[in-house]
Trainee: 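First, the structure itself, so that you have it in front of you.
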Amino acid sequence: MSEATALDLTARQIDPSQMKVSDEVAIQITQMNKWYGTFHVLRDINMTVNRGERIVICGPSGSGKSTLIRCINRLEEHQQGQIIVDGTELTSDLKNIDKVRSEVGMVFQHFNLFPHLTILENLTLAPIWVRKTPKKEAEEVAMHYLRKVKIPEQANKYPGQLSGGQQQRVAIARSLCMKPRIMLFDEPTSALDPEMIKEVLDTMIELAEEGMTMLCVTHEMGFAQAVANRVIFMDQGQIVEQNNPKEFFNNPQSDRTKLFLSQILGH
Amino acid sequence: MSEATALDLTARQIDPSQMKVSDEVAIQITQMNKWYGTFHVLRDINMTVNRGERIVICGPSGSGKSTLIRCINRLEEHQQGQIIVDGTELTSDLKNIDKVRSEVGMVFQHFNLFPHLTILENLTLAPIWVRKTPKKEAEEVAMHYLRKVKIPEQANKYPGQLSGGQQQRVAIARSLCMKPRIMLFDEPTSALDPEMIKEVLDTMIELAEEGMTMLCVTHEMGFAQAVANRVIFMDQGQIVEQNNPKEFFNNPQSDRTKLFLSQILGH
Amino acid sequence: MAVVTEEPKAGFRLGMLIYDTRYRSITIQIVVLMLVMLGVAWLIDNLLSNLAALGRGIDFGFLWNRAGYDINQTLVEYTNDSTHARATLVGLLNTLLIAFLGCIAATVVGVIAGVLRLSNNWVIARLMTVYVEIFRNIPLLLWILMIYTIFTEAFPAPNAFRGDTPAASMVMFDTVAFTNRYTAIPWPMFDRSLGWLPLGPLWLNLDLAAIVAALVGGFLLNRFILRRATRIQEATGDRPTTWWQCTLALFGPIFLVLLALGTHLDSPSLQGFNFTGGLQVSNSLVALWLALTLYTAAFIAEIVRAGINAISRGQSEAAFALGLRPGRTMNLIILPQALRVIIPPLISQYLNLTKNSSLAIAVGYMDLRGTLGGITLNQTGRGLEAMMLLMLIYLIVSLLISSAMNVYNNSVKLKER
Amino acid sequence: QGTSTLQTVKDRGELNCGVNTGLVGFAAPDASGNWQGFDVALCKAVAGAIFGDASKVVYIPTTSSDRFEQLTSGRIDMLIRNTTWTFSRDTDLKMDFVGVNYYDGQGFMVRNDLGVSSAKELNGATICIQTGTTTELNLADYFKANNMTYTAVPIETNAEGEQQYLAGACDAYTTDASGLAATRAAFADPENHVILPEIISKEPLGPAVRHGDSEWGDVVRWTMNALVAAEEFGITSANIDELATSSQNPEVQRLLGTSDNLGGMIGLEANWALNAIKAGGNYGEIFAATIGESTPIGLARGLNAQWTQGGLLYTPPFR
Amino acid sequence: MNTSTSTFVRTEMLPEQAPPLTEAGAVKWVRENLFSSILNGILTVLGIVVVAYLVIGIAPWLSRSVWNAGSLSECRQIIADRWGEGVTGACWAVIRERWPQYLFGFYPSHLYWRPVLAFVLLCVAVAPVLFDRLPRKMLWFSLIYPAVGFWLLWGGSVWVPVMAVAGFAIGYAAVKVVQPVAGTILATIAAVLAPVLWWLFLAGPAADALQSILPIALQGVRSREFGGFILAFTIGFTGIAFSLPLGVMLALGRQSDMFIVNKLSVGFIEFIRGVPLITLLFTASLLLNYFLPPGTDFDIILRVIIMVVLFAAAYIAEVVRGGLAALPRGQYEAADALGLDYWKAQRLIIMPQALKISIPGIVSTFIGLFKDTTLVVFVGLLDPLKGITDAVRASTDWKGIYWEPYIFVGAIFFLFCFGMSRYSMYLESKLKTDHR
Ligand SMILES: Nc1ncnc2c1ncn2[C@@H]1O[C@H](COP(=O)(O)OP(=O)(O)OP(=O)(O)O)[C@@H](O)[C@H]1O
Ligand SMILES: Nc1ncnc2c1ncn2[C@@H]1O[C@H](COP(=O)(O)OP(=O)(O)OP(=O)(O)O)[C@@H](O)[C@H]1O
Ligand SMILES: [Mg+2]
Ligand SMILES: [Mg+2]
């Protein structure tokens with residue numbers, strides 16, 4: 001993608017390896033398999049994410065990245081294996097699902113803001129109805145995060161009145177308002193115009209610096225190099241390679257990874 | 001924006017000052033003012049374009065660049081002052097408007113190809129219905145220009161089947177089929193993915209080399225440096241600065257220009 | 001610089017009427033207006049000369065003559081001594097009644113069918129598809145006739161209830177009788193009736209007024225309770241359970257009013273040829289109502305389905321990801337958005353239903369078309385006047401409904417960039 | 001309208017005759033689309049009188065609500081649709097009734113098992129009526145006069161009315177007695193239904209023409225009279241040609257155009273009446289063929305017998 | 001686990017595996033589609049019960065069908081003989097005996113070939129409009145089809161429709177002659193005026209003259225003889241053919257920024273949409289004559305068609321307006337910039353796209369229009385549903401038959417309307433993938 005932004009990000013000179021990573025396990029996936037009908041979409045996924053880790057997942061289209069990430073907060077159901085998030089195993093038990101979902105924030109490719117609510121209402125909806133926060137307090141928290149994503153002045157507008165970049169930042173703020181311990185991002189910048197990608201990535205980098213556990217499906221390699229402490233490469237529903245960014249980009253092991261990297265970095 | 005393309009263009013080593021510019025006046029705008037309702041969008045515009053000149057117009061968003069260019073072929077009506085295109089004054093007289101429009105080609109940011117017609121039909125439509133060219137002849141001309149923009153093989157596809165860059169080149173060819181003496185471009189590359197920008201700019205440069213009078217709203221500074229013999233900077237509906245590209249970029253006079261240049265070249 | 005152009009302010013030429021954008025549209029408009037006015041004048045001139053030739057004028061005086069005929073369903077006082085105007089009013093009220101009942105039932109059935117059509121239950125989804133397709137693709141008139149025929153054919157005549165060993169019997173503890181003429185149901189009577197209050201030509205039934213007041217009061221009370229719950233939630237974060245309070249608020253007042261009025265149910269019983277007592281809902285009303293309901297509901301089902309489909313899956317996923325439960329997601333996210341999509345076409349279905357109710361004539365339901373446009377027209381022979389009045393009334397009703405729609409549309413329009 | 005109707009009809013070469021959309025016996029198309037019936041026969045007679053060709057008729061079905069407009073607007077030349085001659089129709093609606101071709105009255109039909117033998121016992125009954133006629137008004141007046149109540153089930157067409165009645169959706173079916181008889185005759189079990197003795201109204205049914213064109217009115221009126229007179233004089237379609245040449249009765253001669261030229265006085269050929277009668281026979285023949293006792297309708301002549309037989313048919317003399 | 005040790009490379013790709021039993025096969029299908037929850041289970045059972053109830057109610061009646069009988073009583077006799085006393089059965093004999101009437105009304109039976117031919121040609125004429133794979137040349141036939149159809153249905157001199165069509169040719173010629181001399185506007189006026197004058201004053205005499213020179217004529221059939229489905233089709237298809245252009249004009253009027261044109265269109269559309277069709281039909285049958293010069297009398301079917309066209313046009317206008325609104329402004333601007341004038345832009349750029357977008361709405365308006373043709377019974381025309389059925393039931397033979405005619409007529413309507421709606425769905429899905 002736009003190399004300008006990539007360059008710019010690395011120019012910030014953060015060393016991902018400097019960021020704190022604890023030993024606590026945040027997400028533990030063991031031998032997980034998932035089918036859509038007869039189509040085997042995730043195969044034997046094994047993965048451990050420690051608290052504070054920032055993981056970038058990449059891979060060709062259709063390789064199951066989105067599915068994997070959506071399994072983690074049970075937007076999709078897996079059929080075999082175990083997913084344990086923050087000590088809670090995801091089964092069909094509604095209570096567990098609720099618990100996991102309130103711990104895990106998710107940002108979608110297409111923002112999925114609620115168009116009939118103002119930005120502020122978008123942000124306070126879940127705290128009020130799920131966390132049972134008093135409205136006033138919820139609004140204060142919301143304004144805090146809006147300031148953090150640098151658009152407090154848009155609080156009373158509707159999503160339709162904002163640019164794509166602004167909308168995505170609102171979506172991030174909306175997740176943050178639930179004070180999640182883990183954030184999932186599914187291609188958060190791929191629906192954005194190039195100028196707007198930067199502002200969203202900046203927000204995400206800030207988040208990373210604060211030590212948030214993050215799983216991010218993205219093709220922004222600049223971002224991966226800047227903040228990730230691990231890159232996972234998926235293909236055909238399997239984890240094919242997994243390494244720290246430096247090694248991953250400079251010294252890919254598997255042929256598939258090489259091919260993939262040559263394609264996205266090539267132009 | 002993408003510095004890669006910009007670099008590449010300048011690498012062609014065309015010297016804009018070498019291209020021929022005649023003394024004949026192509027467009028003459030005097031004391032032109034325009035309002036949208038009560039909003040004064042263009043203020044006292046004075047501008048003369050000679051035949052063969054290639055002018056780049058830039059400026060911050062909302063500064064009235066598009067409006068200015070759209071006034072020149074009367075997509076917008078001005079309220080005060082004079083616009084004379086190729087010796088014809090733009091008044092509310094339909095005949096004059098028709099005359100000017102058949103002299104002036106226009107390329108839009110979003111291509112505005114006709115999605116229900118094939119590429120060839122898009123190109124021959126106006127020649128056949130406005131210029132009353134026989135179909136066969138019109139198709140020959142169309143194929144000529146398609147070859148020129150390097151996509152003759154797409155003639156029988158529909159716009160939706162082409163990439164953005166190809167679509168924009170078709171849009172340019174469509175304008176050329178009317179054999180205009182002046183071409184207007186309104187941010188022809190800003191809706192394109194970075195990889196595609198180059199192919200469109202190449203086409204435009206070729207056009208410039210052939211001596212077409214061109215007015216181009218764009219932020220592609222590489223393009224400006226490569227072909228423009230004048231850069232006009234607009235802000236708040238006024239022409240703030242006007243100079244040859246070299247001077248303009250290296251030695252901007254006005255503070256606003258400096259600020260603007262620092263923003264778009266900065267990152 | 002060789003500029004071949006004239007000053008724009010230079011003298012006005014006739015050609016500019018056509019070739020100058022400033023005058024062109026005015027020219028066209030004047031020509032159109034003149035043509036239309038010519039046309040209208042021509043029509044009116046023809047009308048006047050035709051009427052003159054017949055020796056008649058346009059005269060609405062017949063409205064104040066004695067109607068002379070009876071109407072089998074009257075919501076306001078009416079006898080055959082009343083005027084044609086009053087018969088028209090009776091017809092209009094009957095039209096509004098069927099339209100009102102039809103709209104409500106069609107909405108309920110339509111929403112259910114639309115939602116069920118989206119259900120992942122194969123049998124139900126197919127069944128609903130069949131229902132929708134069959135009803136949408138067969139003329140309404142056929143449905144009205146068929147359903148009416150079913151009613152007359154399937155249910156016994158009232159005299160079948162007679163005798164020691166009747167061929168038919170009443171249902172629901174001997175309170176409801178389905179006959180091929182009407183359905184006789186119990187109806188509340190008031191021991192301590194409040195009587196009538198004269199209001200111009202109409203009388204206001206005070207019992208009814210009291211009941212309506214109680215309903216409205218209950219509704220307002222309910223809203224108050226909900227508002228209070230929201231306030232508490234905003235303050236403390238916890239929303240108090242409201243369902244029992246709401247139930248009480250909604251039904252309490254009406255219960256008290258009914259009690260105060262000394263309400264008892266008057267059950268129908270067979271006397272002579274027919275049932276007396278209770279309320280006899282004529283089959284023409286029921287059949288027409290059913291037909292209009294089922295027909296319109298098929299369209300509404302499609303609207304509802306499209307409305308729900310129009311909300312992208314992403315919306316519910318985002319809500320789930322935030323931890324909202326499906327019920328809350330429906331209430332807070334999906335419904336508010338779907339309603340914006342659903343309501344405008346829904347209202348135009350209401351309009352259609354209202355207009356379609358004019359097919360009542362096929363089953364002898366005396367609506368506006370049956371009274372003013374039917375018997376009154378036949379008896380007085382004032383076709384021109386009756387038809388003009390009929391159209392005017394329908395037009396007013398339609399415009400009222402559609403302006404309500406526009407108000408709604410404007411109030412919920414999504415804000416865009 | 002400027003020109004006379006007779007001239008318009010002659011120029012057109014066809015008679016536009018407004019009839020019922022479908023009332024068996026009076027006017028209804030048969031399976032092949034040919035119109036048949038008592039009213040239709042009069043249309044044919046008028047066409048015969050004018051053109052000498054009874055087939056030059058266009059039958060225009062009219063509903064109860066549009067029949068008068070059809071006539072006043074000139075789309076039909078005469079209306080013969082079992083229409084009751086009333087004061088207001090004759091005056092206010094600007095029509096001219098030119099005579100009575102059938103004397104009718106409104107009656108009631110009930111099932112035997114209802115156990116009712118007089119209309120006076122119908123208090124509280126549900127009654128099917130065909131709307132758009134005078135029946136609603138008569139019914140209302142009758143029940144009011146007798147201090148009784150009823151529930152009306154208004155029905156658009158006769159077919160619908162029968163169905164409702166047979167299915168028991170109403171206790172009684174009311175319409176003109178002729179219609180009742182016709183309806184009952186077609187039942188699978190006519191013996192289980194009775195027509196009550198009360199005739200609650202006078203329903204003189206007759207052809208109507210536009211007000212203000214007396215010449216045309218005369219043509220229709222005297223064509224009808226000619227049919228009645230023919231029966232009185234024993235002129236039938238079988239013997240008419242013979243009588244036309246051989247009859248010695250001066251009135252018959254005048255009628256059939258062998259002496260005097262009555263036809264010329266109303267702008268027709270001399271043999272107009274001959275042609276009219278030939279079209280379907282005399283009044284009695286028409287009656288017998290369409291609604292008489294030998295037909296499924298099975299109506300007795302009753303009031304519609306010749307005055308000589310105690311009926312009301314009495315034509316003014318042809319002279 | 002530590003970040004540095006988390007390096008992992010898969011050497012061997014895993015093969016695809018079959019899903020666990022719960023994820024595939026009939027078990028899964030039944031579980032997911034029928035009994036995914038308690039409520040769903042109840043609904044399934046309920047649905048099956050309803051279907052069973054309907055089938056049990058109707059199937060015996062249907063199974064006892066009689067096709068050969070001369071009257072209802074004969075039918076009943078046959079059923080009693082065959083299946084025993086007291087059972088009911090369907091008597092399709094009425095359809096067998098009266099189907100010509102249902103299809104053709106009272107159209108002369110020796111001329112049945114004409115409506116049939118007209119219908120076949122209609123299919124030919126409509127085909128290129130519906131399926132764009134067919135050669136475009138066929139559209140010429142579609143254009144002259146109205147005249148052909150008219151001539152086949154009503155008969156009479158061939159020169160009448162020919163002269164009517166000639167009006168359009170004259171309009172075209174007028175444009176060709178006037179435009180170079182006097183410009184577009186005058187040419188437009190000429191294009192409207194010339195044919196109108198032709199139709200009003202010259203076409204009739206010209207047709208007569210030609211007829212006397214070269215007499216080609218079919219036996220004339222009167223509107224009154226139309227009935228049944230040819231009536232429904234005649235009204236339906238003429239209504240469809242003419243309401244579309246009128247609706248498009250109204251939509252353009254309503255989109256126009258010319259105040260008067262806009263308000264007139266809005267007023268007309270809202271008026272028509274505000275009153276029931278049945279009152280418009282009554283106007284056609286009762287009142288239209290009051291508004292026409294004294295003595296004019298024109299065909300009832302024509303009057304009804306005019307009203308139906310006006311009615312449908314108002315609805316189409318609203319649908320097309322939606323389509324117009326959905327077009328991006330850029331399309332108009334590009335057309336302007338290329339120098340296309342308003343009408344050319346509309347014809348070449350805007351309408352082709354706007355109409356495509358509006359196809360579902362247009363088709364459902366057409367379906368509504370086709371169904372509404374049954375309402376003509378209220379003005380005394382013999383529509384198939386009530387008009388013909390009542391006529392059949394008025395005969396002594398078939399007195400008392402209800403269901404069979406209704407079912408027959410309903411089935412035919414369903415066939416056509418359902419066909420139309422499927423076609424529109426086909427188009428929708430085709431357009432979705434078209435040119436992509
Ligand atoms: N609901 C579903 N039903 C059936 N198959 C699905 C469904 N969702 C996704 N798939 C299939 O599963 C595979 C993986 O999808 P997924 O969206 O996870 O890929 P991805 O790696 O995110 O690709 P992309 O980069 O395009 O987003 C794809 O082949 C897709 O077609
Ligand atoms: N149709 C319109 N009505 C009212 N205001 C308008 C209209 N079109 C543009 N404007 C306003 O006029 C100003 C100039 O618009 P214009 O599109 O010419 O800007 P621009 O320089 O082309 O900006 P950009 O780089 O974003 O395209 C803006 O403030 C804009 O909001
Ligand atoms: Mg994905
Ligand atoms: Mg712009």
Side-chain angles (χ1 to χ4, degrees), chain A residues 69-70 72-76 94 97-119 121-139 156-164 166-167 171 174-175 177-178 180 183-184 186, chain C residues 120 122 226-243 306-344 346 408-417:
Chain A
I69 226 172
R70 290 156 59 86
I72 294 175
N73 71 346
R74 193 73 172 189
L75 285 179
E76 304 284 350
L94 273 181
I97 296 179
D98 280 349
K99 195 159 162 224
V100 166
R101 282 187 180 161
S102 69
E103 296 296 329
V104 177
M106 173 134 185
V107 175
F108 299 85
Q109 179 179 8
H110 290 111
F111 333 143
N112 291 343
L113 295 181
F114 305 129
H116 61 299
L117 301 177
T118 62
I119 301 306
E121 286 165 346
N122 262 284
L123 265 64
T124 55
L125 184 87
I128 289 178
W129 289 95
V130 180
R131 284 248 191 275
K132 311 223 182 291
T133 323
K135 187 170 175 196
K136 206 144 173 205
E137 204 176 296
E139 284 180 353
N156 291 312
K157 289 203 182 151
Y158 284 87
Q161 297 169 301
L162 268 52
S163 76
Q166 291 172 326
Q167 288 193 44
R174 181 174 67 178
S175 289
C177 280
M178 287 292 283
M183 285 285 284
L184 310 175
D186 190 0
Chain C
N120 51 10
W122 189 87
L226 289 179
R227 287 252 173 92
R228 201 179 67 105
T230 308
R231 263 201 319 276
I232 292 175
Q233 183 186 21
E234 281 173 6
T236 67
D238 266 323
R239 194 178 175 85
T241 33
T242 52
W243 64 267
I308 294 178
N309 275 343
I311 310 306
S312 72
R313 260 172 61 89
Q315 290 290 312
S316 49
E317 283 181 354
F320 292 156
L322 285 171
L324 288 169
R325 284 276 182 88
R328 282 270 150 76
T329 304
M330 198 66 186
N331 281 336
L332 296 172
I333 307 298
I334 307 297
L335 274 187
Q337 294 184 57
L339 281 185
R340 281 160 219 262
V341 186
I342 289 172
I343 293 216
L346 186 67
Y408 174 85
N409 275 351
N410 289 336
S411 72
V412 302
K413 206 178 250 164
L414 273 188
K415 304 272 188 316
E416 295 286 351
R417 215 132 76 119

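Basis for what follows: all heavy atoms, side chains included, without hydrogens, waters or symmetry-related copies. Nothing here was measured: the structure is a model prediction, and the numbers come from that model. So that the names make sense, note that chain A is the first sequence line, chain B the second, and so on, each numbered from 1.
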Trainee: Return the CD1 to CD1 distance between Ile342(C) and Ile308(C), rounded to the nearest 0.5 Å.
Mentor: 5.5 Å
Trainee: Between Asn73(A), Leu75(A), Thr124(A), which has the largest tally of heavy atom pairs under 4.5 Å with chain C?
Mentor: Leu75(A)
Trainee: What part of Ala321(C) is in contact with chain A, defined as an atom under 4.5 angstrom from a non-hydrogen atom: side chain, backbone, both or neither?
Mentor: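 The answer is both parts of Ala321(C).
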Trainee: Do Leu322(C) and Met106(A) have side chains that approach each other closer than 4.5 Å (heavy atoms only, starting at C-beta)?
Mentor: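 No, too far: nothing below the 4.5 Å cut-off.
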Trainee: With a 4.5 Å limit on heavy-atom distance, are the side chains of Arg131(A) and Met178(A) in contact?
Mentor: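 In short, these two side chains touch, coming nearer than 4.5 Å.
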Trainee: Of the backbone (N, CA, C, O) and the side chain (C-beta and beyond), which part of Phe114(A) lies under 4.5 Å from a heavy atom of chain C, both, or neither?
Mentor: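 Both parts, backbone and side chain.
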Trainee: Less than 4.5 Å to any heavy atom of chain A: does that hold for the side chain of Leu332(C), its backbone, both, or neither?
Mentor: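 Both the backbone and the side chain of Leu332(C) come within 4.5 Å of chain A.
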Trainee: Flag the pair Val130(A) / Leu324(C) as yes when at least one side-chain heavy-atom distance between them is below 4.5 Å, and no otherwise.
Mentor: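 Heavy-atom side-chain distance check passes, below 4.5 Å.
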Trainee: For the candidates Thr133(A), Val100(A), Val104(A), Val107(A), which exhibits the highest count of non-hydrogen atom pairs separated by less than 4.5 Å from chain C?
Mentor: Thr133(A)
Trainee: Side chain of Gln315(C), backbone of Leu113(A): donor and acceptor closer than 3.5 Å?
Mentor: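 Yes; judged by distance alone, with no hydrogens or angles, the pair exists.
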Trainee: Does any heavy atom of chain A fall under 4.5 Å from the side chain of Arg231(C), the backbone, both, or neither of them?
Mentor: neither
